[in-house]
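Computed over heavy atoms, backbone and side chain alike; hydrogens, waters and symmetry mates excluded.
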Amino acid sequence: MVTATSFSVEAIRKEFPILATRLGDKPLVYLDNAATAQKPQVTLDAMDEFWRTSNANIHRGVHHLSQMATAQFDTARETVRRFLGARHAHECLFTKGCTEGINLVAQSYARPRLKPADEILLSTMEHHSNIVPWQLVAEQTGAIVRPIPINDDGEIDLAAYGRLLNERTKIVGLVHISNSLGTINPIKAMIAQAHAAGAVVLIDGAQAGPHLPIDVQDLDADFYTLSCHKIYAPTGMGVLYGKEALLEAMPPYHGGGDMIRTVSFEGSTFAGLPNKFEAGTPNVGGVVGLGATLKWLMALDREEVERHEAELVGYAETLLSDIPGVRLIGKARQKAAIVSFVMDTAHPHDIGTVLDAEGIAIRAGHHCCMPVMERLGVPATARASFGLYNTREEVEALARGVQKVKEIFG
Amino acid sequence: MVTATSFSVEAIRKEFPILATRLGDKPLVYLDNAATAQKPQVTLDAMDEFWRTSNANIHRGVHHLSQMATAQFDTARETVRRFLGARHAHECLFTKGCTEGINLVAQSYARPRLKPADEILLSTMEHHSNIVPWQLVAEQTGAIVRPIPINDDGEIDLAAYGRLLNERTKIVGLVHISNSLGTINPIKAMIAQAHAAGAVVLIDGAQAGPHLPIDVQDLDADFYTLSCHKIYAPTGMGVLYGKEALLEAMPPYHGGGDMIRTVSFEGSTFAGLPNKFEAGTPNVGGVVGLGATLKWLMALDREEVERHEAELVGYAETLLSDIPGVRLIGKARQKAAIVSFVMDTAHPHDIGTVLDAEGIAIRAGHHCCMPVMERLGVPATARASFGLYNTREEVEALARGVQKVKEIFG
Amino acid sequence: MSFDLRELYQEIILDHYRHPRNQREPERATAHSEGHNPLCGDKITVSVRTENGQLAEVGYHASGCAISVASASLMSEAVKGKPLGEVERLCKEFQGAVTSPDGGEFPEMGDLNALAGVREHPVRIKCATLPWHALRAALSGVDKMVTTE
Amino acid sequence: MSFDLRELYQEIILDHYRHPRNQREPERATAHSEGHNPLCGDKITVSVRTENGQLAEVGYHASGCAISVASASLMSEAVKGKPLGEVERLCKEFQGAVTSPDGGEFPEMGDLNALAGVREHPVRIKCATLPWHALRAALSGVDKMVTTE
Ligand SMILES: Cc1ncc(COP(=O)(O)O)c(C=O)c1O
Ligand SMILES: Cc1ncc(COP(=O)(O)O)c(C=O)c1O
């Protein structure tokens, strides 16, 4: 079956050196993209070039290298602004990861504001990164964390959400795309509801970044986080978007160099955005790589990328559910890039090992989402997650691998 | 003048691609190493190789790439352990920078423990990164930050330190090597004194990492931080060493993936060291680069490196103080790798611009050390800081550049 | 990458996985312990009854992969009724054997030898050792919650 | 990298740096403002006396590099005694001119043209604009503390 699309997966694959890997006599089939994505040559080149020609510390240098490094760093922030559709570049803060972004909001926005009995609503399908920071701040402030239930298909129960929202709701934390189930949540409507109740919303966009075009202004998100290594960029970086007015009203998070205006032992004053939240030397080389990656990604036809990935998901669901004893976990009507499943006779961990022997990389476990596993009554799942470079042939290899599991485990 | 040393700076220079840069008709003379150091080829190769052959998320993967990535990551931590002389690898935590390490200790160790009127002693020559986090925690807890005075040469006043220590002293924060003056502080003795008074000591080793062999057990440091990008490794990483017993007694810092044992909406339990303090996907690619860098550095004859750098400092001090109108700032008896100076007729910022036109990169400003500038009565200094690849010829170029400043400014 | 999965998933392993022996709570248990592998979600509870320096009874409840369940089952058969000193020695020997780098000779340990294949799968070693950790914790009576982080 | 430093450090700049004009607190000042460049430590206080819609007096105290001190000194000469509307226009024109990408024509602004060279030194532009920021802040009477972060 040939699909008529001008998006050429074969051309894209050539841009990712690691995809040519062979494991023994098998080609690598990388279906662990929700954990981390591979990096295109353009990203590796940008970083290498930076280290070889422009490396210096930024912002405080009068010399040539420092000016080059600063210009590249600032350009990357502007690229991030475009990627998110933010109004101002200084609303886009660099963090060390999506997880740090959420912790920053919990500690710097929520902790000084929350009072005992205030409520934080989180969906049952949140990643631990969007649960534990709120549990810590709840313990520190006396606030209460309440789960928003989901249905058996892995969709948020919107009626229950409406009932849970009330005047004590101060914060709502929602994953844009679930990393364990692939569910795309209707966050725009949910944000509007939360705002009507007077709550502030943080969207965990870790899985949305690689798969959907994002427009934080259209969504009216108060905070939005990205995990850069999942968007084909290097490790060690996240982005925290926050509305200017919210960020300005927050106390600094880390103290240190670059986030201050003046320091004396009598007291210090703080810099404006974004510096107030970026104490210390940032990951300059990584940010330059991030900028190159996002530029590359935005230059693709993202609708075609979405269509391609949706086709892979559909094909995988069809092939897998045709295999007796395989059960798909997560059947939301709106889904992206992720297929979770279990088997009657084999534990996900064993599925992972058998597939690995076939050169196929998937993930087995709770995917940092214990509450959703508990809710859906499975200890763990096997998860295949797609990137824009995956192919229908790789989906077929996955299905053959699962047949192999059946050969061994019956 | 030829020095008889088997350490070959010429050979070392060849390992750093950026050092071949020419700025117009001038060779790059990079003397801004205290801000950030350049990266050797071995580091760039290790990272590139990682992205091309082994990139995956760590710890939770059953597949081949994830196992390779995990093994490389864990090996790098063991290399860090050796670099610091720590007892256990799990006492060495990866952070996003030296600054984050200090903030982690302030928030996770100090904040829950400090009571009103408890005292935090910091030397007057601390970097803002080792002042502001303590001011923030002092404000949060009612504790008091007290400066340890320094003398006109830029050395800690040890008698005053002895007098300041008392039973209310809970924390002492000390920079191992001052980034603005180059002073090497007598931290081993100072740690022993602090311990005798019952205080816990954090050493800011940002500048010591590249220049001195470190042995945290010999020093008996409670906490010790590194800034990896200053040790010839990539940006976006720091190391926080903490004694096992202290780290174990501390609550987690960030909540998120990998730092938990179990998560449910009723409550979560936390993982052991080091995971408890490493929520979220770490900077895997960067850590692999760090490991390669430290291995490379440890394979050098570090005594010869020290001797070479000391010679550069001595030579620079001689040449610069021979120029009328130049005044050295910081004349400690124990110094490393850093020469700060001012001129009668030209502001440091203008010195920096004139040197830049000569291809010479130095730093001008307060070096994130406003209190020490205030104390020594200068608004800013010009700072030349050396790395192991700098040469006597470069010191001579610096002196010629300063002559040029005099030609313009008189 | 091409290795023989039959080496790992031997018939005896699959048999113990499908039909775990001694999977029950022993009567009048004298100690319990819970083992946890947070990386893959494996969970095991081990309960023991010691009498006169003997491990009179051992039972468990295991929820996990083939390797961890089979290891628990094989363990229960290997240690049941043995003097406590010998149980301790066996635990040590087994844990040493599976965690030793691949290539060395695996000691002669009867049916337990079926688990030798995990040495070629470093990430699966913790699955094999989890029940043994839990058993030792139950016997030592100190640490009631163990993990294999 | 090879550029003519004489273009940046013209004699007129060095002269104003060494002998800043109007560096004093004006009598009966009606407003003050403090400017700060945290990146290099430049500091300037600008004080003004406005009378009948005129900038009757302007003084400052500048501690900083040659560019910022000379810019303050040149500014004080350019704006003193001017109607406030014209001062505002001049501030805008100057700030626009030095921050516009190098290459465009620098407008004819008398002695201020000596500062055109900073356009080739992006990191030094803030030094040149700091006194002007501070002046506008003093005149607007709103923001008493400005920075050029
Ligand atoms: C002495 C000292 N401490 C702390 C820091 C902060 O290091 P980083 O910016 O890498 O977090 C620096 C570097 O600027 C330093 O020189
Ligand atoms: C939905 C979701 N949120 C948060 C995270 C955490 O991202 P990181 O580990 O990059 O901080 C992840 C990735 O594991 C994720 O999938």
Side-chain angles (χ1 to χ4, degrees), chain A residues 17-18 23 32 35-36 38-39 44 48 51-53 55-57 60-65 96-97 99-100 103 127-129 131-133 135-136 145 147 229 234-236 254-257 260 262-265 268 279-281 283-286 349 352-353 356 361 363-365 368 370-371 374, chain B residues 17-18 23 32 35-36 38-39 44 48 51-53 55-57 60-65 96-97 99-100 103 127-129 131-133 135-136 145 147 229 234-236 254-257 260 262-265 268 279-281 283-286 349 352-353 356 361 363-365 368 370-371 374:
Chain A
I18 203 173
L23 301 168
D32 195 18
T36 201
Q38 299 302 339
K39 320 305 172 200
L44 306 187
D48 206 59
W51 300 121
R52 285 168 189 279
T53 67
N55 176 54
N57 212 323
R60 285 158 305 175
V62 285
H63 60 78
H64 181 69
L65 289 185
K96 72 171 168 177
T99 300
E100 187 188 25
N103 279 276
H127 187 279
H128 295 165
S129 286
I131 299 176
V132 185
Q135 292 182 325
L136 294 176
V145 173
H229 65 94
T235 48
H254 285 159
I260 57 92
T262 59
V263 173
S264 83
F265 276 96
S268 302
T281 304
N283 186 351
V284 188
H349 216 171
T353 292
D356 182 44
R363 196 138 289 234
C368 295
M370 285 188 184
E374 179 81 24
Chain B
I18 203 172
L23 302 168
D32 194 19
T36 200
Q38 300 302 338
K39 320 305 173 200
L44 306 187
D48 205 60
W51 300 121
R52 285 167 190 280
T53 67
N55 175 55
N57 212 322
R60 286 157 304 174
V62 285
H63 60 78
H64 181 69
L65 290 185
K96 72 171 169 177
T99 300
E100 187 188 26
N103 279 276
H127 187 280
H128 295 165
S129 286
I131 298 176
V132 185
Q135 291 182 326
L136 294 175
V145 173
H229 66 93
T235 48
H254 285 159
I260 56 92
T262 59
V263 173
S264 83
F265 277 97
S268 302
T281 304
N283 187 352
V284 189
H349 215 171
T353 293
D356 182 44
R363 198 139 286 238
C368 294
M370 285 189 185
E374 180 81 25

Please flag which part of B:Thr53 lies under 4.5 Å from any non-hydrogen atom of chain A: side chain, backbone, both or neither.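 Only the backbone of B:Thr53 comes within 4.5 Å of chain A.
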Any sub-3.5 Å donor-acceptor pair from A:Asn57's side-chain atoms to B:Thr36's backbone N or O?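 Such a contact is absent between A:Asn57 side chain and B:Thr36 backbone.
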Hey, does the side chain of B:Asn103 reach the backbone of A:Gly255 with a donor-acceptor pair shorter than 3.5 angstrom?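 Yes; judged by distance alone, with no hydrogens or angles, the pair exists.
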With chain B as the partner, which of [options] has the greatest number of non-hydrogen pairs under 4.5 Å?
| options | value |
| --- | --- |
| A:His349, A:His127, A:Glu100 | A:Glu100 |
| A:Val145, A:Val263, A:Val62 | A:Val263 |
| A:Ser268, A:Gly365, A:Ala364, A:Gly286 | A:Ser268 |
| A:Leu44, A:Val132, A:Asn55 | A:Asn55 |

Taking C-beta and beyond as the side chain, do A:Lys96 and B:Thr281 meet within less than 4.5 Å on heavy atoms?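 A side-chain contact is absent here, since even the closest heavy-atom pair is not under 4.5 Å.
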Per-residue contact mode, [X] against chain B (heavy atom under 4.5 angstrom):
| X | answer |
| --- | --- |
| A:Glu374 | neither |
| A:Asp32 | side chain |
| A:Arg363 | side chain |

With rounding to the nearest 0.5 angstrom, report the NE2 to OG distance, A:His128 to B:Ser264.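 Answer rounded to 0.5 Å: 9.0 Å.
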Rounded to the nearest 0.5 Å, what's the gap from CG on A:Asp48 to NZ on B:Lys39? Could you check?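 The NZ atom of B:Lys39 is 13.5 Å from CG of A:Asp48, to the nearest 0.5 Å.
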What pair of heavy atoms forms the shortest contact from [X] to [Y], and how long is it?
| X | Y | value |
| --- | --- | --- |
| B:Cys368 | A:Gly257 | SG-CA, 3.9 Å |
| B:Asp356 | A:His63 | OD1-CA, 3.5 Å |
| B:Met370 | A:Ile260 | CE-CD1, 4.1 Å |

So which of B:Pro133, B:Ala56, B:Gly352, B:Gly285 has the biggest tally of heavy-atom pairs under 4.5 Å with chain A?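 Looking at each of B:Pro133, B:Ala56, B:Gly352, B:Gly285 in turn, B:Pro133 comes out on top.
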Taking every heavy-atom pair that is under 4.5 Å apart, which of B:Pro17, B:Ala279, B:Pro147, B:Gly97 has the most such pairs with chain A?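 That would be B:Pro147.
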Residue list, side chain to side chain contact (heavy atoms under 4.5 Å, CB included) with A:Thr235, at least two apart or on another chain: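 Scan of A:Thr235 (side chain to side chain contact (heavy atoms under 4.5 Å, CB included), adjacent residues dropped) gives A:His229, B:Trp51, B:Asn283, B:Val284.
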Apply ring-ring contact (aromatic ring centres under 6.0 Å, His included) to A:His254 and list each qualifying residue two or more places apart in sequence or on a separate chain.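 With neighbours one apart ignored, the set is empty.
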